[in-house]
Asks: 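Before I ask anything, here is the structure I am working with.
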There are 2 protein chains.
Amino acid sequence: MNILLVEDDAVLADGLVYTLSNSGYSVTGATTGAYAEHIMLAQDFDLIVLDLGLPDMDGLQLLRKLRLRKVPVPILILTARDGINDRIQGIEQGADDYMAKPFELRELEARIHALIRRCYGGFRNDIEIGRLILNTLDHQILADGQPMMLSAREYDVLEILLLQAGKVVCKDRLAQRLAADGDALADNAIEVYIHRVRKRIEPYGAVIRTVRGLGYLLETAGDEK
Amino acid sequence: MNILLVEDDAVLADGLVYTLSNSGYSVTGATTGAYAEHIMLAQDFDLIVLDLGLPDMDGLQLLRKLRLRKVPVPILILTARDGINDRIQGIEQGADDYMAKPFELRELEARIHALIRRCYGGFRNDIEIGRLILNTLDHQILADGQPMMLSAREYDVLEILLLQAGKVVCKDRLAQRLAADGDALADNAIEVYIHRVRKRIEPYGAVIRTVRGLGYLLETAGDEK
DNA sequence: CCGAACCTTTCAAGAACCTTTCACGGAAAA
DNA sequence: TTTTCCGTGAAAGGTTCTTGAAAGGTTCGG
């Protein structure tokens, strides 16, 4: 987990880097707004701790800039300004949390933890094959970033194959999944569905290979032997 | 936007209901933990404001219970207990934010807003699809810059779809939202409302796509595939 | 070359969904 | 108070899409 700490007070910054590092975060320090902007181009952060009183620019200005640029990273403001209006302004302009100095390190840690939990807590279970992405959380398959329209059965088949991508999935397992209602399927139902799914995913660089006598296997197109 | 307020102090609760309702939220009150748990089964909430001092159980206990049950709804704790350990405990056990009494109503509103904004994947205060803009600050939908006149139900439907724009919203979730009063709806009520909303938003470059067997998805017109 | 396994196309039934219409009830206007 | 209007939700019939079966063709292994 990468945290960007934008804070010009060297003593406080050192203390925070030390504490947060000990908690298992990887912390990068920035003492000016300009440097913070610069380093963000090179590196991806999971959270920003932002002091409003920076030597070269107003922290709120940086905040607005980032949100205008559609940077979605969670931001926690940390500042000496503690007027009610400061707090509200900070939050309304895009910050996720706001703590006034002096503060307890343990509370800051807890709030950082809560933010990261909220933003990345739904552990990302994305599986990518070709230009297909399976998002198991929202029951959706993206093709070239667009939600792919599949019927229920087609989705079932493709999901099984994606979850076991690169491995052979035997026909029995597919049959079991498709016959969830108990009815037995025609003996070639699997083949029909594999055929349908093949046509759907072909344009997106994913291929279902047949393993005769065993089952099927999903892989990136062009992944020969 | 539905908020569940769990607070046993009638005076404070009334004040909060009044303020939050005026800000465009639909607020449901619960004065006991047991009732809160009960009402959550029937209705879908976007946020819970939780007082720790309840007559029948400890608020933290309720919090733990919900998180154990993997209820993902954001929770803001509101309490008289202001020890640093109380704060940390509350957050570590699954709360997203923590405010101590006495507090400023405006700050509570701002923090509620930040949480809802963050939980719907956003970081900006407005969501734009086609020529429609949902402003999450004043709970209004603009079409071509003009406020759109919608009936209560139509607004509910469109808001849910806008908040989850690009993702599939299942019919159950829509049904639960529309059946806020507990009555079951006719089996095709959702379809009727989708139809009505479609007619309303069609002229503004927004489209509701059907995902058969799952639900609906709002997107910009012309986003084919 | 033969049989088994697999591919592909077609089709009917029914599920899921769309659209229109209508009646009721509450709120605003007269 | 009465009238009118609009939101709401039920009902019903029409439309589209999924599903699974059937049947004939193709490829593979022996």
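Convention: sequence-line order gives letters A, B, ...; per-chain numbering from 1.
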Asks: Taking 4.0 angstrom as the limit, do B/D96 and A/R117 come out as a salt bridge?
Replies: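 Between A/R117 and B/D96 there is no salt bridge, as every charged N stays at least 4.0 Å from the carboxylate O atoms.
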Asks: Among D/dT19, C/dT19, C/dC7, find the nucleotide with the atom closest to the side chain of B/E191.
Replies: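 Among the listed nucleotides, the one closest to the side chain of B/E191 is C/dT19.
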Asks: Whole angstrom is fine here: how far is it from CD1 in B/I194 over to P in C/dA16?
Replies: 17 Å
Asks: Scan A/Y216 against the nucleic acid and name what it touches under 4.0 Å (heavy atoms): base, sugar-phosphate only, or nothing.
Replies: sugar-phosphate
Asks: Just jot down the salt bridge (charged side-chain N to carboxylate O under 4.0 Å, His left out) partners of A/D156, sequence neighbours excluded, or say none.
Replies: A/R177
Asks: Just verifying a value: how many Å separate B/L20 CG and B/I3 CD1, rounded to the nearest 0.5 Å?
Replies: 5.0 Å
Asks: With respect to the phosphate group of C/dA16, does any side-chain polar atom (N or O) of B/T210 fall under 4.0 Å of OP1 or OP2?
Replies: no
Asks: Just the rounded figure in Å: distance from C1' of D/dT16 to CZ of B/R209.
Replies: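 Computing the B/R209:CZ to D/dT16:C1' distance gives 16 Å.
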Asks: Would you mind checking if B/R118 and B/D46 are paired as a salt bridge, meaning a charged N to carboxylate O distance below 4.0 Å?
Replies: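 No salt bridge links B/D46 with B/R118.
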Asks: Identify, with sequence neighbours excluded, every residue that meets ring-ring contact (aromatic ring centres under 6.0 Å, His included) alongside B/Y204.
Replies: none
Asks: As a test of understanding, state which of B/L5, B/V6, B/L78, B/L4 forms a side-chain contact (heavy atoms from CB on, under 4.5 Å) with B/L50.
Replies: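 Result for side-chain contact (heavy atoms from CB on, under 4.5 Å) with B/L50: B/V6.
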Asks: C/dC17, D/dT8, D/dT19: which one has an atom nearest the side-chain heavy atoms of B/A152?
Replies: D/dT8
Asks: At how many degrees, to 10°, do the end axes of the helix from C/dC1-D/dG30 to C/dA30-D/dT1 meet when each uses five pairs?
Replies: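 Between the axes fitted at each end of the helix from C/dC1-D/dG30 to C/dA30-D/dT1 lies an angle of 30°.
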Asks: Could you tell me how far apart B/L150 (CG) and D/dT8 (C1') are, to the nearest whole angstrom?
Replies: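 Answer to the nearest Å: 15 Å.
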Asks: Check the distance between C/dC17's P and B/K171's NZ and give it to me in whole angstrom.
Replies: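 About 4 Å, once rounded to whole Å.
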Asks: Could you tell me the separation between the OH atom of B/Y155 and the P atom of D/dC6, rounded to a whole number of Å?
Replies: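 Interatomic distance, OH of B/Y155 to P of D/dC6: 22 Å.
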Asks: Output the rounded distance in Å from CZ (A/R177) to P (D/dT19).
Replies: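 Taking CZ of A/R177 and P of D/dT19, I get 13 Å after rounding.
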Asks: What does nucleotides 9-15 of chain C look like as a protein-contact string, B for base, S for sugar-phosphate only, - for none, at under 4.0 angstrom between heavy atoms?
Replies: BB----B
Asks: Let me know, please, whether A/E154 or B/A189 comes out on the 5' side of the other along DNA chain D by nearest nucleotide.
Replies: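 The residue whose closest nucleotide sits nearer the 5' end is B/A189.
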Asks: Rounded to the nearest angstrom, tell me the gap between atom CG in A/L214 and atom P in C/dA4.
Replies: 18 Å
Asks: Quick one: sort the A/H139 and A/Y155 rings into parallel, tilted or perpendicular, breaks at 30° and 60°.
Replies: tilted
Asks: side-chain contact (heavy atoms from CB on, under 4.5 Å) with B/L137: which residues, sequence neighbours excluded?
Replies: A/E92, B/H113, B/N125, B/N135
Asks: Does any pair with a residue in residues 190-199 of chain B pass salt bridge (charged side-chain N to carboxylate O under 4.0 Å, His left out), and if so which ones, sequence neighbours excluded?
Replies: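 For residues 190-199 of chain B: B/K171-B/E191.
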Asks: Mind calculating the distance between CE (A/M149) and P (C/dA16) to the nearest angstrom?
Replies: 18 Å
